[in-house]
Structures are given as structure tokens and as C-alpha cells.
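In listed order, ligands and their atoms are each counted from 1.
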Amino acid sequence: MKAYQEIAIVECGEAIAAIPLEQFAVESPHPYQKLGASYGALSPYYLRQSVLDSLKVAQALLQQVHQGWQIKIFDAYRPVEVQQFMVDYTFAEVVQARKLNLTELTEAQRQEIWEQVYQFWAFPNLNPATPPPHSTGAAVDVTLVDDTGKTVNMGTQIDEISPASYPDYYADSTDAAQQQYHIYRQLLNSVMCKAGFRRHPNEWWHFSLGDQMWAWAYNQENPAQPMTARYGRLV
Ligand SMILES: C[C@@H](N)C(=O)N[C@H](C)C(=O)O
Ligand SMILES: [Zn+2]
């Protein structure tokens with residue numbers, strides 16, 4: 001169990017809303033649908049109404065400092081079944097990257113690889129007290145697009161399982177390109193935080209507002225007035 005999962009959830013009942021895709025840049029085709037993940041009647045492009053409103057605010061803030069830039073949505077709503085699909089996919093991907101055979105892993109290798117996967121992915125938990133963040137409709141994975149429509153290089157791909165995905169990985173680099181990755185990560189974090197979001201400690205691209213991870217991050221900053229989460233699992 002992760003620390004943020006101990007935060008109580010007092011569901012506020014706010015509806016989810018379809019993201020107006022024409023107002024943002026969007027990763028297309030959707031990265032998990034492309035792999036065969038099934039969303040049933042919904043799609044990944046839903047968020048709680050206030051979370052969507054705040055994402056629009058973040059993009060407006062971005063455009064105040066960089067005219068013509070956009071927030072690019074990589075992923076938003078994710079049913080627990082898709083969370084399961086993606087952790088299994090990622091596990092197999094790490095096994096393959098290490099040139100190991102899935103059926104011949106030792107228990108120690110299996111455990112070590114799961115630990116790596118769960119550094120970046122939430123457990124596909126059906127317990128309503130500990131929902132995966134994206135299953136609440138309050139989490140979003142995003143990056144930046146510049147005024148020419150080009151996706152900004154942030155130093156890793158979204159979902160890359162490596163220390164380079166940690167938000168401050170390039171903070172102390174003396175390499176000019178890597179310093180620029182850090183500046184762009186800070187820019188993304190700054191506009192998202194000003195709009196009310198908080199970032200995942202291990203992922204430069206994952207932000208949430210109103211879920212357990214958000215309340216946990218908020219409480220780290222404001223321990224005197226602890227918050228509960230207002231969004232639980234959607235279905
Ligand atoms: C790995 C990334 N796509 C992600 O969303 N991670 C968070 C922690 C999650 O699985 O909810
Ligand atoms: Zn995420």
C-alpha cells in the first residue's frame with residue numbers, strides 16, 4: 001500500500017465530462033487503445049467536470065507565456081480493467097527488454113520486475129478505498145506541444161520505466177539539452193500546479209486534482225489543514 005492510498009475518500013458525486021479534443025493537442029491513436037485495451041462504452045477522453053475545467057485553465061496559463069503552445073493529452077480516464085491490461089503489458093515489456101523469458105523467471109526476478117512496474121503504475125485495485133488514480137476521472141497524463149505543432153522533447157517518452165522519468169532527473173545536469181528538458185518539465189508542472197493539479201513524484205507527465213494522490217501531495221505542503229480526496233473510482 002502506498003502512502004497516498006491511506007487518504008480517505010469522500011466522493012462528491014461530480015459528473016464526468018467528455019474532453020473537447022479540438023481544444024487540446026491529443027496523442028493519436030490513443031496509446032493504450034492501439035495496444036488493444038478495451039474501454040467498453042466509455043473512452044479514455046473523459047475527466048471529472050472540474051478537472052477538465054482546470055486543465056483548460058492550465059492551457060490558458062501556458063499560452064500566456066508561450067503563445068500557440070498547447071497541452072497534449074496522452075491519457076485521462078482509465079477503467080481498472082485497462083489498468084490491469086497495462087500493468088500486464090508493461091511487465092511483459094520489461095521482461096522482453098531484459099531479454100528474459102516470461103515462463104522462465106525466478107520468483108526473485110518476478111518480484112523485482114513487479115517492483116519496477118509499480119514504481120510507475122498504480123495497482124489495478126478493485127477496492128473502492130484504494131482506486132487507481134486514472135479510474136477516478138481525476139488524473140491525466142500530459143505533455144507540451146509548441147507553436148509549430150511539434151511535441152516538446154521532455155527527455156523521455158511518457159510511460160518510460162526509467163529513473164530519467166523522475167521529474168527532477170535532469171535538474172543538476174550540465175548538458176544544455178538536458179537542462180532544457182528540465183526547464184520544460186518545470187514549465188508543465190508550473191502551469192498545471194497553478195491550475196490546481198499536483199504531480200506524481202516519479203513521473204513528469206502525471207497530474208491529478210481531487211484524488212487521493214492529489215490530497216496526499218497537498219497535505220505534504222499544508223500539513224496543518226489536511227484534505228481528504230473528493231473523487232473515488234467511477235464504475
Ligand atoms: C504510468 C502512467 N501512465 C500512470 O498513469 N501512472 C500512474 C501512477 C497510474 O497508474 O495511475
Ligand atoms: Zn497517469
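Ion pair R198/E221 flagged as a salt bridge, since at least one NZ, NE, NH1 or NH2 atom sits closer than 4.0 Å to an Asp/Glu carboxylate oxygen. Here R48 does not pair with D53 in a salt bridge; the nearest charged N to carboxylate O distance is not below 4.0 Å.
Within 4.0 Å of ligand 1, protein heavy atoms come from Y32, R78, Q83, F120, W121, A122, P133, H134, D141, D159, H200, E203, W205, H206.
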Residue pair E81, S38: steps toward the side chain to side chain donor-acceptor pair (under 3.5 Å) verdict: CA-CA 8 Å; E81 294 74 19; S38 163; over 6 Å; no

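D141 contributes OD1 as its N, O or S atom closest to the Zn ion (ligand 2).
Atom CD of E11 has more than 12 heavy atoms from other residues, nucleotides or ligands within 6.0 Å.
The closest side-chain donor-acceptor pair between Y39 and Q33, if any, does not fall under 3.5 angstrom. A side-chain donor-acceptor contact under 3.5 Å links R98 and Q116.
Taking the centre and axis of the six-membered ring of W205, the NZ or CZ atom of R199 falls outside the cone set by 45° and 6.0 Å.
Under 2.8 Å from the Zn ion (ligand 2) lies an N/O/S atom of H206, whether from backbone or side chain.
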